[in-house]
Amino acid sequence: MAHSKTRANDGKITYPPGVKEISDKISKEEMVRRLKDIFMFITRQLKGLEDTKSPQFNRYFYLLENIAWVKSYNICFELEDSNEIFTQLYRTLFSVINNGHNQKVHMHMVDLMSSIICEGDTVSQELLDTVLVNLVPAHKYLNKQAYDLAKALLKRTAQAIEPYITNFFNQVLMLGKTSISDLSEHVFDLILELYNIDSHLLLSVLPQLEFKLKSNDNEERLQVVKLLAKMFGAKDSELASQNKPLWQCYLGRFNDIHVPIRLECVKFASHCLMNHPDLAKDLTEYLKVRSHDPEEAIRHDVIVSIVTAAKKDLLLVNDHLLNFVRERTLDKRWRVRKEAMMGLAQIYKKYSLQSEAGKEAAKQISWIKDKLLHIYYQNSIDDRLLVERIFAQYMVPHNLETNERMKCLYYLYATLDSNAVKALNEMWKCQNLLRHQVKDLVDLIKQPKTDASSKAIFSKVMVITRNLPDPGKAQDFMKKFTQVLEDDEKIRSQLEMLVSPTCSCKQAEGCVREITKKLGNPKQPTNPFLEMIKFLLERIAPVHIDTESISALIKQVNKSIDGTADDEEEGVPTDQAIRAGLELLKVLSFTHPISFHSAETFESLLACLKMDDEKVAEAALQIFKNTGSKIEEDFPHIRSALLPVLHHKAKKGPPRQAKYAIHCIHAIFSSKETQFAQIFEPLHKSLDPSNFEHLITPLVTIGHIAMLAPDQFAAPLKSLVATFIVKDLLMNDRLPGKKTTKLWVPDEEVSPETLVKIQAIKMMVRWLLGMKNNHSKSGTSTLRLLTTILHSDGDLTEQGKISKPDMSRLRLAAGNAIVKLAQEPCYHEIITLEQYQLCALAINDECYQVRQIFAQKLHKGLSRLRLPLEYMAICALCAKDPVKERRAHARQCLVKNINVRREYLKQHAAVSEKLLSLLPEYVVPYTIHLLAHDPDYVKVQDIEQLKDIKECLWFILEILMAKNENNSHAFIRKMVENIKQTKDAQGPDDPKMNEKLYTVCDVAMNIIMSKSTTYSLESPKDPVLPARYFTQPDKNFSNTKNYLPPEMKSFFTPGKPKAANVLGAVNKPLSSAGKQSQSKSSRMETVSNASSSSNPSSPGRIKGRLDSTEMDHSENEEFTLTSPLPGKKTDKRDDSDISEMEKPRGRKKAAITDAEEKLSIDDLNKLGQEQKLRGSQRGRKRPAVVSDSDETQWQEEKRLKEDVIESEDEQNSPPKKGRRGRPPKANNGGTPKEEPVAKSSKRSKKKQPPAAAADEEEEEEERQTENIEQKPKGRQNRTPKRTQQRAEPSETSTVESAQSTPQKRRGRSSNTPPSQPKKVRAGRSKQAASKENESSEEMDVFQSSSPVSDDIPQEEVMEEEEVSTINVRRRASKRERR
């Protein structure tokens, strides 16, 4: 040592210079000071440990070793200022430790320091700070060795130092004494580090954190939440199980008022799920609430947390958590929707496509593919583009090798649900349409530049723009792109190649690459123009389908047929795979017909034609029809093999195959006349009216030949219709029908004779549609025949032989036939107003399925702009439908049709001459006229009848008035005023008829005045009224009289029309016209931010609406639920065939010839006269008898409604009616017995065979679980549902709840006495009755306990239900149980 003590030779101690000799004279203070100096001196010497390469390092190490071993510093405990010595020692050791030191140095340092803490009486705050400061993140990362040293020291001394640590945190956290230490601001960082070092150090501190979690200071709570997130989420943390109160308190912060705190909690969730799967159950409930958080960022991060965990391991997330992601795919914010969709896509690709976790995991997430495709039903173009991108990258990755890609597509298509299949078909259709638009644009650009071509180019650019996101910017970019195409021939040729029908998938990728490369120069950080063009190229590039792909797909189908495919391994039954494969090929034959042109493909399809499976052969026929235009020239061997097969199918095949066989011949062969003659002649000769089983296919075949080649067989067809169709089939009832009170039965129970009659009607219509003229008055005769069928309730001969379900089928066929004929201008002109009004009543038929299917036919004709505008007025009568789901669906269709017309007018500004037939507002005069002639409207001043009229008018006006575009409110008001200056053209001299018309006008005027603030402005143009309906206005006549009774005023309440929001589900229950009852989802919107588009539109929730909708492919625009209704889309099949089960349809019927007019029209006229004599009552002007008891019941019903529906606006709650419909003929004044629809909840749960009655081009119809049976009561027998519910004992109401509501007949009073309500069987307790209702309420989404509400979507079941008898009565039982 430099200043070691030395002993002189004389034995005396020699002291260094300046140091006093130790003797008795030295004071105690001096001794202490000297001791302190010695230890401070030793501490300074320890600094020499810093340089491990110094020659003196070993000496310093020995010093450290000795003082650690001897615990030399422990002497200082007795010194008053020992703290200074220890603090200096600790600081020195923490500063000199570095990575050059070995384990021994580290160990001796820990020994030295730990002895001071463990053996000392106290640990000062300053000394504690010296240790803890090394744990602060800033110091930790600067000197990792000092951190490790502090960590080892704390572990060694945990028990001794814990009280001092507790005291420090207590002072800072609880007492707020932040001045006691400089580390106060790092308190939360220290807690985390100490917990990671040894949780026992914080045993007394953690309860203080619980207190801090409830602090009023937002920032402080946030700090604690961040700290605890790390502590709970750490890999091996057991804090949640050790300290449950703190865990529960922390979970409560998920609902904190401060947004950053909720955000922090949500971010923590993914770590927690990944590191602690056992806590997933606790987190699920809180994440559920946060997935509906008002803050977009929080909803977004919920998705990120769940998806992150799921991508690590699917077992970490339960089905509930995945369902939250599923729900957010319908969020109102695009960022959240995008995250949810991409998250699901990544999970699907990892676990389903790549099977990373086995079959069980793939099965667990099998719903994802359907859900993602359902999103294509959304209106937003962003959603659709993302679905297309997801499909191309995650569901069927386009970079897979061709065979692998087609196998992937094949099995995907086979396992998709029906709505997802429709969405995928729609996606291909939209891409194909856009491809054609771009091809047209390129062709226009190549032409010489003229004014006309410039206008055409601009028009085409506008159309393309609507298929891209952000149409405003897209328009500018598309104009720029058009300029680039004009200037750059290379880019133009690449684009031309891309949109060519012969472009292969590899060529497409090359073209896209080249175009984006050229447009991307010079490179920019962000290039929105390039991004937009990429969107366009993505949509039009055929990256999945080319000739090679179709060939590979056909081979895959053949493998399934041969039994060599691994169908079972993929989880798909072979039959299902083959059918799906053919359906897939059928869809692709519409969008990529050129890709089918190969001998191999056609040979495989020919083999499919010969298979026993009807669906497979049918699909093969349709593919031939779509792709066979070149067969005759390019593939003669296919032609010669195909022809005899087509002949056989047309003559003896199933009806649908017969139809497609005829269309194949028409599309493929140049000698079609010869072929048709060879088929027509033998069929014509072999028709036998008594052999029903073998009549359907010939009738279908002849009908389609008549439509495609009307002139070739004009004479024989006219004779055939007059003698055989009308006289032998329709005017004859050969076999008596089964006696039943049911109004509808499944297809297989319909009598063969009725099926033949339905096909006969269709055949007549097809014949007329082929002729397209009324020169021979055949159209007039046919319309008379059809309206006679409607007049007679479907029993044309009125002999009473036909059963009720068969009559319903025939009424439906007649109604559909008139709608079909009305789509042809030459026949629309000859439909009289009386015939139109009678046809309209089909939408209020007593049979649910008739109303439903007729409404679908009506919607299809209107949405394709084929039906005249007056047929939209029929939708107003839907307000009288007693089933909420039907009203809601009718409203959806109405919104869609109005939007289609408005969109068409925007795109075709030049069609102003057709304004009268296109502008939706022009439906108002037709609606007013139709309602003025409504058979229920008998007493001009009757309040209840006027309330019905108001309800129907508001059903249409609410949607028309949702937006006041171009001052349309004033235009509608002007129209109504103008009508009051005219007379009813149907009876200009009939004062009562005109008074009804003016009264309905006044109802309309009052609605407009109560719901609009701009109605009094100047009308943008003078409306034109249809001359067929109204006389010319009399200039000398000023009709200012108010025709409404004074008490009617109170029913018009002011209020703004509700905007028509049709995203995908039925958002509005519509229990009455204009009713704006708040649904559960809309109530939640304000609280939880689950937007209207947040309603899940999974198949389960939207099934009712979907299956009941028969819509064009573009119907998906209406799906959000709504739902949503993911709407039904038809595949592009021909208009006119019959289903495989010979479903009755009202399509194309044939007209009656001159010969027939002599033979049978006389009979028809007689029939018509008799009908009118007997049934002026049934007709339209029969006074309705309202009994006194009825009035009382209305009063009672009003009172009950107020109990159940609080503060409901009068305008929105007109009285409910029974179902309207044509009254069936009474049997000798008696009432046929009614079979109960559901005797118990057990039976009500059983699904009956679906009753389908769709046309060929329709997809399957909406299914009705059970047959609706009604009592033929008159209006006087109708008891309001709520009155019955309260009036009867609970047992009776429980049974009644399962039975159908009595029907109100259209305009006809009943001659039958009221039937008594059925009594419940003896011995049945109230509890048992209640249990039935309870169990029926707990059924699956896809089922319902009642035929009336069978396919109401789940979300509607959750809403306020007040129409369906069943649901109302359920509530009653529940109240009684309580």
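One is the number of the first residue; the rest follow in order along the sequence. Just the heavy atoms: all of them, side chains too, but no hydrogens, waters or symmetry mates, feed the values below.
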Side chains of R253 and V224: does their closest heavy-atom pair fall under 4.5 Å? no
Measure across L344 and I368 and return the closest heavy-atom pair with its distance rounded to 0.1 Å. O-CG2, 3.5 Å
Side chains of L239 and W247, heavy atoms from C-beta outward: is any pair under 4.5 Å? no
Whether the side chain of S95 engages the backbone of T92 through a donor-acceptor N/O pair (distance < 3.5 Å, no angle test) should be reported. yes
Verify the neighbour count for atom CD of E360: are there more than 12 heavy atoms of other residues, nucleotides or ligands below 6.0 Å? no
Please determine whether the number of non-hydrogen atoms from other residues, nucleotides or ligands lying under 6.0 Å from atom NZ of K338 exceeds 12. no
Nearest heavy atoms of A309 and M274, plus distance in Å: CA-CG, 3.9 Å
Please check this pair: side chain of R328 against backbone of S291, looking for a donor-acceptor N/O pair closer than 3.5 Å. yes
Judged by atom type as modelled, is there a donor-acceptor pair below 3.5 Å linking the side chain of S305 to the main-chain atoms of V266? yes
Between the side chains of R91 and E126, is the shortest nitrogen-to-carboxylate-oxygen separation below 4.0 Å, so that they form an ion pair? yes
Take a 6.0 Å sphere around CH2 of W69 and say whether it holds more than 12 heavy atoms from other residues, nucleotides or ligands. no
Can you tell me if Q242 has over 12 outside heavy atoms packed within less than 6.0 Å of its CD? yes
Taking H276 for the side chain and A234 for the main chain, is one N or O donor matched with an acceptor at less than 3.5 Å? yes
Spacing of L89 atom CG and R44 atom CZ [to the nearest 0.5 Å]: 13.0 Å
Surrounding CD of E119 (heavy atoms of other residues, nucleotides or ligands, distance under 6.0 Å), is the total greater than 12? yes
For A310, does its backbone N or O pair with a side-chain atom of Y351 as donor and acceptor, under 3.5 Å? yes
Measuring from L135:CG to L190:CG, what's the distance to the nearest 0.5 Å? 6.0 Å
Please check if the number of heavy atoms outside K350 that lie under 6.0 Å from its NZ is greater than 12. yes
Show the nearest heavy-atom pair for residues V131 and A150, with the distance to one decimal. O-CB, 3.8 Å
For the pair V225 and F268, evaluate side-chain contact (heavy atoms from CB on, under 4.5 Å) and give the outcome as yes or no after the intermediate values. CA-CA 9 Å; V225 164; F268 144 81; over 6 Å; no
side-chain contact (heavy atoms from CB on, under 4.5 Å) evaluation trace for M109 with V105: CA-CA 6 Å; M109 285 183 176; V105 176; 3.8 Å; yes
Give a yes or no on whether the backbone of P294 and the side-chain of R299 come within a donor-acceptor separation of less than 3.5 Å. yes
Please check this pair: side chain of D313 against backbone of K311, looking for a donor-acceptor N/O pair closer than 3.5 Å. no
Donor-acceptor pair, side chain of S366 and main chain of A362, under 3.5 angstrom: no
Do the non-hydrogen side-chain atoms of Y394 and L372 ever get within less than 4.5 Å of each other? no
Can you tell if the side chain of S270 reaches within under 4.5 Å of the side chain of K312, non-hydrogen atoms only? no
So, N323 side chain and R326 main chain: donor-acceptor pair closer than 3.5 Å or not? no
Considering only heavy atoms from C-beta outward, does the side chain of L315 approach that of P277 to under 4.5 Å? no
Worked check of side-chain contact (heavy atoms from CB on, under 4.5 Å) between M113 and L93: CA-CA 9 Å; M113 290 192 286; L93 294 178; 3.7 Å; yes
Working for side-chain contact (heavy atoms from CB on, under 4.5 Å), residues L194 and L132: CA-CA 9 Å; L194 289 168; L132 296 182; 4.0 Å; yes
Ignoring hydrogens, what is the shortest heavy-atom contact between N218 and I261? Give both atom names and the distance. O-CD1, 3.8 Å
Nearest 0.5 angstrom please: K371 NZ to L322 CG, how far? 13.5 Å
Under a 3.5 Å cutoff, is there a donor and acceptor pairing between the side chains of D129 and Q125? yes
Minimum heavy-atom distance between L273 and L316, given as atom pair plus value: O-CD2, 3.5 Å
Does any N or O in the side chain of S237 come within less than 3.5 Å of the main-chain N or O of G233, such that one atom is a donor and the other an acceptor? no
Side chains of L153 and Y90 in contact at under 4.5 Å (non-hydrogen atoms): yes
Approximate separation, where rounding is to 0.5 Å, of R337 CZ and L386 CG: 9.5 Å
Measure the spacing between CD of E296 and CG of D331 and express it to the nearest 0.5 Å. 7.5 Å
Value for CG (L63) from NE2 (H108), rounded to nearest 0.5 Å, stands at 11.5 Å
Under 3.5 Å, is there a donor on one side chain and an acceptor on the other for R290 and N255? yes
Could you tell me if the side chain of V307 sits less than 4.5 Å from the side chain of E339, heavy atoms only? no
If every non-hydrogen atom of L287 is compared with every non-hydrogen atom of F254, which pair is closest and at what distance? CD2-CE2, 4.2 Å
Side chain proximity check, Y286 to R262, heavy atoms < 4.5 angstrom: no
